[in-house]
Protein chains: 2
Amino acid sequence: MVSSKDVAKYAGVSQTTVSRVLNTPELVKQPTVDKVMKAIQELNYIPNANARSLVQKRTNTIVLLSGPLHNPFFVDTTTAIVNYANTKGYRVNVQFVNDDKLTEAYATAIEQKVDGIILSCILIDDPIFERLESMHLPFITYNRKHKNNRHFVEIDNYKAGYLSAQHLIELGHRNIAWVSGPLTVSTFYNRYHGFLKALEDYNIKIPQQNIIHTDTSKNEVTTAFNDLMSFKSRPTAICAGSDSLALFLMDDAVSIGVKVPEKLSIIGIDNVDISKHAAIRLTTIGSISEENLGYLAIKKLIELIENKKNGCVKITESVKVFNRSTTREI
Amino acid sequence: MVSSKDVAKYAGVSQTTVSRVLNTPELVKQPTVDKVMKAIQELNYIPNANARSLVQKRTNTIVLLSGPLHNPFFVDTTTAIVNYANTKGYRVNVQFVNDDKLTEAYATAIEQKVDGIILSCILIDDPIFERLESMHLPFITYNRKHKNNRHFVEIDNYKAGYLSAQHLIELGHRNIAWVSGPLTVSTFYNRYHGFLKALEDYNIKIPQQNIIHTDTSKNEVTTAFNDLMSFKSRPTAICAGSDSLALFLMDDAVSIGVKVPEKLSIIGIDNVDISKHAAIRLTTIGSISEENLGYLAIKKLIELIENKKNGCVKITESVKVFNRSTTREI
DNA sequence: GACAAAAATGAATACGTAACCATTTTGCAA
DNA sequence: TTGCAAAATGGTTACGTATTCATTTTTGTC
């Protein structure tokens with residue numbers, strides 16, 4: 001492997017000068033720059049990023065701990081994060097983590113001496129949060145947040161849950177169901193409580209069996225859907241805790257021939273890109289600005305990294321209904 | 001930052017011993033191991049991966065140059081690649097590249113001294129191929145391949161194109177269209193020629209205007225679709241060059257109220273996960289083994305990396321029709 | 001208890017870069 | 001020409017680890 005020393009020898013200068021040519025060429029006379037550049041070309045020299053990171057203590061690398069891509073929300077955010085980071089000169093080390101093997105994921109992040117961490121998969125109560133803070137490494141959670149209420153970018157989940165229920169109520173639905181994910185994550189927790197508040201405000205009572213918290217897997221959602229459809233008084237509408245869940249439910253509905261929205265209204269939350277597609281046209285709740293949460297988060301993270309200030313990011317985007325074709329008056 | 005030297009001092013041993021405790025503990029007496037581990041715990045020591053990479057000349061990192069995630073094919077492969085690599089202890093640096101800024105992407109791969117490169121985005125004629133080979137760095141292209149016919153994992157694209165046309169022909173279609181991507185990539189090139197061969201074998205002539213090569217963007221596909229639908233003798237079936245294109249076309253069909261498959265049959269190629277979903281049920285061509293191409297590729301890449309042998313991977317998976325619900329007898 | 005072989009440990013070094021400090025060269029005014 | 005500041009360049013070191021080679025300690029055998 002050809003090193004800057006080899007270049008130096010070949011060009012007849014010191015290694016220091018080679019380094020300067022690459023990093024601060026304005027400090028080097030033009031003829032010398034030319035000599036060195038020629039040597040670099042001819043030897044096909046490429047600087048070793050590891051060695052540079054070792055001495056500079058920055059790696060131009062961030063870690064992304066994302067949820068799985070079969071959830072379209074993470075398709076959108078991963079795309080936004082990776083692309084933005086790359087334009088800013090950062091490499092992105094991507095991992096798709098289940099909540100359980102999260103700790104493992106952090107270890108590699110730290111070993112690598114990455115410049116920052118961006119993650120969605122954090123529990124409200126996650127003990128990892130304090131460890132992250134104590135490391136003085138910039139990090140941001142997107143979508144979810146920790147109970148400590150710091151370092152996050154989210155939508156107004158409470159309001160989203162509220163609007164979701166309100167939308168259906170105002171369409172005349174009374175027998176509404178809630179199908180969502182575990183309450184151990186802030187997103188579902190707040191959406192659920194927003195949902196409940198709307199029911200309360202409109203003085204609507206729904207049977208307990210209409211409320212189902214799944215693990216967000218396709219299997220459990222399908223089971224939940226089939227349960228709901230088996231009730232004597234079937235719900236006429238479902239609030240899904242996320243677009244991903246809503247899409248699962250739409251799929252289940254098609255499977256057993258329940259027409260959406262004719263026989264069943266479904267509303268999601270997140271306004272993922274795919275929800276706009278003509279074949280889907282999912283009614284959903286999303287950020288008013290329509291900015292991708294991943295994009296907002298990575299932008300802030302890179303600011304934190306580059307400004308070296310301990311600024312504490314707390315962003316909650318306002319939400320509104322995106323009224324498309326999967327809900328209808330009863 | 002606490003280093004192995006600090007641990008050594010704290011534990012009263014040499015830095016060498018600390019290194020040994022972490023890498024070859026069987027060479028160290030148990031009491032010493034305990035002492036050192038205790039020091040590691042108490043000082044909260046985490047080894048620096050950059051320093052290790054510098055001396056070992058391996059980084060446990062690979063670069064993935066993927067196509068964009070709005071193409072569901074890349075959702076499947078990215079998931080498979082990242083997850084498999086992680087279980088094998090490799091970190092994955094992900095980039096979503098447009099064909100044009102490919103060269104840039106390689107540069108960072110090389111700077112980082114990654115252990116290998118896995119990529120889909122290579123043109124048949126790409127000059128980068130020789131440069132990659134000359135670097136003696138393991139790499140594999142998945143999905144696409146270079147004209148040099150080395151280092152690839154693909155499906156039998158020619159056969160796929162053939163089967164795609166044959167399927168429609170045997171359903172009685174005669175006015176068949178071809179909507180696909182640029183012929184500069186092997187995938188579309190071979191699929192297209194397989195398609196043509198089937199028409200020839202069955203002695204079917206289609207008007208030139210039925211053949212459209214797009215840049216695979218939603219916009220161009222929609223334009224193509226609308227063109228096709230505007231012809232006096234509308235095609236009764238479309239062979240899409242990929243599932244991604246097929247899904248775009250289905251979307252366009254819904255938009256203007258053309259029922260699939262009643263009024264129009266559509267068949268894709270790739271058998272992406274999402275094509276199985278109940279709401280879609282796309283008829284498509286895919287690998288008989290149903291193994292994810294990304295998975296096959298990363299498995300081979302890691303073998304190459306770890307065996308250090310220059311084995312040249314050439315895998316072409318056999319294909320078959322997955323007959324679902326978007327094609328029908330005319 | 002002596003001795004060789006094996007096991008355990010340590011000292012020194014290399015990896016490739018950037019940064020720090022020292023030295024040489026240049027440019028320009030006196 | 002001299003002197004002196006500024007510009008240009010070079011020598012040396014640190015970063016944190018694994019590795020190589022040397023040294024010390026332990027083990028087992030006669």
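Below, chain A is the first sequence line, B the second, and so on; all start at residue 1.
We find that CD of A/Q30 is positioned 21 Å from P of C/dT25, with the value rounded to whole Å. Taking atom CG of B/L54 as the reference point, atom C1' of C/dC15 lies 4 Å away to the nearest angstrom. The nearest whole Å value for the distance from the NZ atom in B/K29 to the C1' atom in D/dT26 is 7 Å. Distance, B/E111 CD to C/dT17 P: 10 Å, rounded to whole Å. Atoms CG (B/L27) and P (D/dT25) sit 19 Å apart, rounded to a whole Å. Going from atom CG of B/N50 over to atom P of C/dA18 covers 13 Å, rounded to whole Å. A/R20 has its CZ atom 11 Å from the C1' atom of D/dG11, to the nearest Å. The separation between A/K35 atom NZ and D/dA8 atom P is 14 Å, rounded to whole Å.
For the pair A/S3 and B/G12, nearest-nucleotide mapping onto DNA chain C gives the more 5' position to B/G12.
Within 4.0 Å of A/V28, counting heavy atoms only, lie sugar-phosphate atoms of the nucleic acid but no base atom. Here A/N23 lies in heavy-atom contact (under 4.0 Å) with sugar-phosphate atoms only. Across all strands shown, A/V13 has heavy atoms under 4.0 Å from sugar-phosphate atoms exclusively, and none from any base. B/S53 comes within contact range of no nucleotide atom at all, as no heavy-atom separation falls under 4.0 Å.
Within the structure, every side-chain polar atom (N or O) of B/K5 is placed at least 4.0 Å from both OP1 and OP2 of D/dC15. Of the side-chain N and O atoms in B/S19, one or more sit less than 4.0 angstrom from OP1 or OP2 of D/dA18. Contact between the side-chain N/O atoms of B/T32 and the OP1/OP2 oxygens of C/dT9 is found at a separation under 4.0 Å. Listed pair B/S14 / C/dA11 fails the phosphate criterion, with no side-chain N or O lying under 4.0 Å from OP1 or OP2. Side-chain nitrogen and oxygen atoms of B/K57 include at least one within less than 4.0 Å of the OP1 or OP2 phosphate oxygen of C/dG16.
Put simply, the side chain of B/T141 gets close to the backbone of B/H151: a donor and an acceptor are under 3.5 Å apart. Side-chain atoms of A/N143 never come within 3.5 Å of backbone atoms of A/V153 as a donor-acceptor pair (strictly under, hydrogens ignored).
At a cut-off of 3.5 angstrom, the base of D/dA8 holds no donor-acceptor pair with the side chain of A/T17. B/T16 contributes a side-chain N or O that forms a donor-acceptor pair with the base of C/dA11 under 3.5 Å. Put simply, the side chain of B/Q15 and the base of D/dA18 share a donor and an acceptor less than 3.5 Å apart. The base of C/dA19 has none of its N or O atoms less than 3.5 Å from a complementary donor or acceptor on the side chain of A/Q56.
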Walk me through whether B/E306 and B/K88 qualify under salt bridge (Lys or Arg N to Asp or Glu O under 4.0 Å). CA-CA 11 Å; B/E306 301 192 341; B/K88 288 292 180 179; over 6 Å; no
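Atom OG1 of B/T77 sits about 9.5 Å away from atom CG of B/D270, to the nearest 0.5 Å.
Under the 6.0 Å cut-off for aromatic ring centres, A/Y106 and A/F139 do not qualify, their centroids lying 6.0 Å or more apart.
Two residues are said to be in side-chain contact when any heavy atoms from C-beta on lie closer than 4.5 Å; B/P25 and B/R20 fail this criterion.
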